[in-house]
Chemist: 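Have a look at this one before I ask anything.
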Amino acid sequence: VNNELRQSEQLAIVGQLATSITHEVRNPLTSLKGLTQLQKEKHPQDSKYYNIMMNELERINSILDDLMAIGVPKKMTYEKNNIQELIEYVSSIINHNGMEQTVSVTKEIENGLPEIECNSQQIKQVLINIFKNGMEAMPEGGKLVIKAESWKDNTIKITVTDEGNGISKENHELLGTPFHTTKSDGTGLGLMVSFKIIEEHHGQIQYDSEEGQGTTVTILLPVYQKY
Ligand code: ADP
Ligand code: MG
């Protein structure tokens with residue numbers, strides 16, 4: 001219990017810190033981007049340098065986006081949500097980022113799943129992170145299979161399976177630790193945020209992976225929240 005308490009206090013502190021840093025950094029970043037764009041237009045002969053600057057600023061921006069999600073909302077609200085709708089919504093927005101040509105997405109969602117008590121914003125965030133990771137693991141294409149079914153003890157089980165590059169034993173232990181990424185353009189924050197959200201929902205998340213074969217992510221979410 002002590003350990004759990006300490007951990008949740010730490011998470012609250014990290015959350016507050018993340019929110020204030022994000023706000024502080026966002027403003028100067030916006031003016032830097034504006035000025036860089038202006039300079040680029042003034043000096044077209046140097047546009048390749050300005051493009052690099054813009055890309056790097058964009059990267060800082062995406063790190064801030066992920067950090068933002070760590071900021072704990074003052075009061076978490078849980079409403080009844082249809083998990084099928086959340087999955088459909090997220091897979092429709094994910095499909096717009098240009099991956100749809102190479103990755104085929106299949107959904108197998110059990111009929112008549114009960115609604116679950118959750119914070120829809122946060123669960124969407126988790127699904128975005130997990131679906132994106134699955135797609136990014138298959139740069140040469142492949143199948144992403146998303147399943148949702150009723151599970152024991154009033155839970156819903158969501159599994160996301162890809163045929164991607166998989167996760168090595170060493171990296172398996174690092175999943176969810178801040179800034180752990182194996183991608184040249186990754187932030188290494190997506191899973192940290194996702195793990196935290198699932199924990200807040202009293203759910204579970206598990207990774208089963210075979211290097212070079214693919215990965216299955218299993219999420220268990222309780223239908224009812226204990227308050
Ligand atoms: P990012 O996607 O920015 O790298 P994440 O926190 O989302 O950060 O993921 C951390 C790391 O976990 C990834 O860089 C990758 O190495 C590994 N990972 C997560 N999901 C998968 C997956 N489905 N297949 C292979 N590796 C994965
Ligand atoms: Mg990611």
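Whatever order the structure lists ligands and atoms in, that order sets their numbers, starting from 1. Position 1 is the first residue of the sequence; numbering continues from there. The model shown is predicted, which means the values in this text are computed figures rather than measured ones.
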Chemist: For atom 23 (N) of ligand 1, what's the nearest protein heavy-atom neighbour? Residue, atom name and distance, please.
Modeler: D162 OD2, 2.8 Å
Chemist: Can you hop from L57 to Y50 via hydrophobic side chains spaced under 4.5 Å?
Modeler: no
Chemist: side-chain contact (heavy atoms from CB on, under 4.5 Å) between L144 and S104: does it pass, once the steps are laid out?
Modeler: CA-CA 6 Å; L144 187 76; S104 78; over 6 Å; no
Chemist: Can you tell me if S194 and N129 form a side-chain donor-acceptor pair at under 3.5 Å?
Modeler: yes
Chemist: For atom 10 (C) of ligand 1, which protein heavy atom lies nearest, and how many Å away is it?
Modeler: H180 O, 3.3 Å
Chemist: Could you give me a count of protein N/O/S atoms that are under 2.8 Å from the Mg ion (ligand 2)?
Modeler: 1
Chemist: Q121 and Q125: side-chain donor and acceptor closer than 3.5 Å?
Modeler: no
Chemist: Determine whether the side chains of N81 and K124 contain a donor N or O and an acceptor N or O closer than 3.5 Å.
Modeler: no
Chemist: Looking at G166, which atoms of ligand 1 are within less than 4.0 Å of one of its heavy atoms?
Modeler: 25 (C), 26 (N)
Chemist: Which residue and non-hydrogen atom of the protein lie closest to atom 3 (O) of ligand 1, and at what distance in Å?
Modeler: T187 N, 2.8 Å
Chemist: Should the proximity of N129 to ligand 1, defined as any heavy atom under 4.0 Å, be assigned to the side chain, the backbone, both, or neither?
Modeler: neither
Chemist: Output the list of atoms in ligand 1 that are nearer than 4.0 Å to some heavy atom of A137, sorted by atom number.
Modeler: 24 (N), 25 (C)
Chemist: Out of all atoms in ligand 1, which are within 4.0 Å of some heavy atom of L175? Include the element for each.
Modeler: 12 (O), 17 (C)
Chemist: What closest approach, in Å, do D162 and M138 show between heavy atoms, and which atom pair accounts for it?
Modeler: CB-CE, 3.7 Å
Chemist: Specify the protein heavy atom at minimum distance from atom 7 (O) of ligand 1: its residue, its atom name, and the distance to 0.1 Å.
Modeler: N133 ND2, 2.9 Å
Chemist: Between H172 and Y207, how do the two ring planes meet: parallel, tilted or perpendicular, split at 30° and 60°?
Modeler: perpendicular
Chemist: Is the shortest N/O to N/O distance between G188 and ligand 1 below 3.5 Å?
Modeler: yes
Chemist: Would you say the side chains of D208 and Q206 form a donor-acceptor pair under 3.5 Å?
Modeler: yes
Chemist: Check the hydrophobic clustering (I, L, V, M, F, W, Y; side-chain heavy atoms under 4.5 Å; chains of links allowed) and say if V105 and V145 are grouped together.
Modeler: no
Chemist: Among all the protein's non-hydrogen atoms, which is closest to atom 18 (N) of ligand 1, and how far away is it?
Modeler: I167 CD1, 4.1 Å
Chemist: Which atom names give the shortest non-hydrogen contact between E149 and L113, and what distance separates them?
Modeler: C-CD2, 3.7 Å
Chemist: Is the contact between V217 and ligand 1 made by the side chain, the backbone, both, or neither, using heavy atoms and a 4.0 Å cut-off?
Modeler: neither
Chemist: When you look for heavy atoms under 4.0 Å from ligand 1, do you find them on the side chain of L191, its backbone, both, or neither?
Modeler: both
Chemist: My understanding is that we take every heavy atom of each candidate and find the minimum distance to atom 14 (O) of ligand 1. Doing that for T182, V160, V193, which one comes out nearest?
Modeler: T182
Chemist: Distance to 0.1 Å, residue and atom name: give those for the protein heavy atom nearest to atom 4 (O) of ligand 1.
Modeler: T181 OG1, 2.5 Å
Chemist: Taking all heavy atoms of W151 and all of L220, pick out the closest pair and write down the distance.
Modeler: CD1-CD2, 3.6 Å
Chemist: Might you point out which heavy atoms bring Q225 and Y78 nearest each other, and give the distance in Å?
Modeler: CG-CD2, 3.8 Å
Chemist: Tell me: protein heavy atom nearest atom 2 (O) of ligand 1, and distance?
Modeler: K183 NZ, 2.7 Å
Chemist: May I ask you to check whether K107 and S91 show a side-chain donor-acceptor distance below 3.5 Å?
Modeler: yes
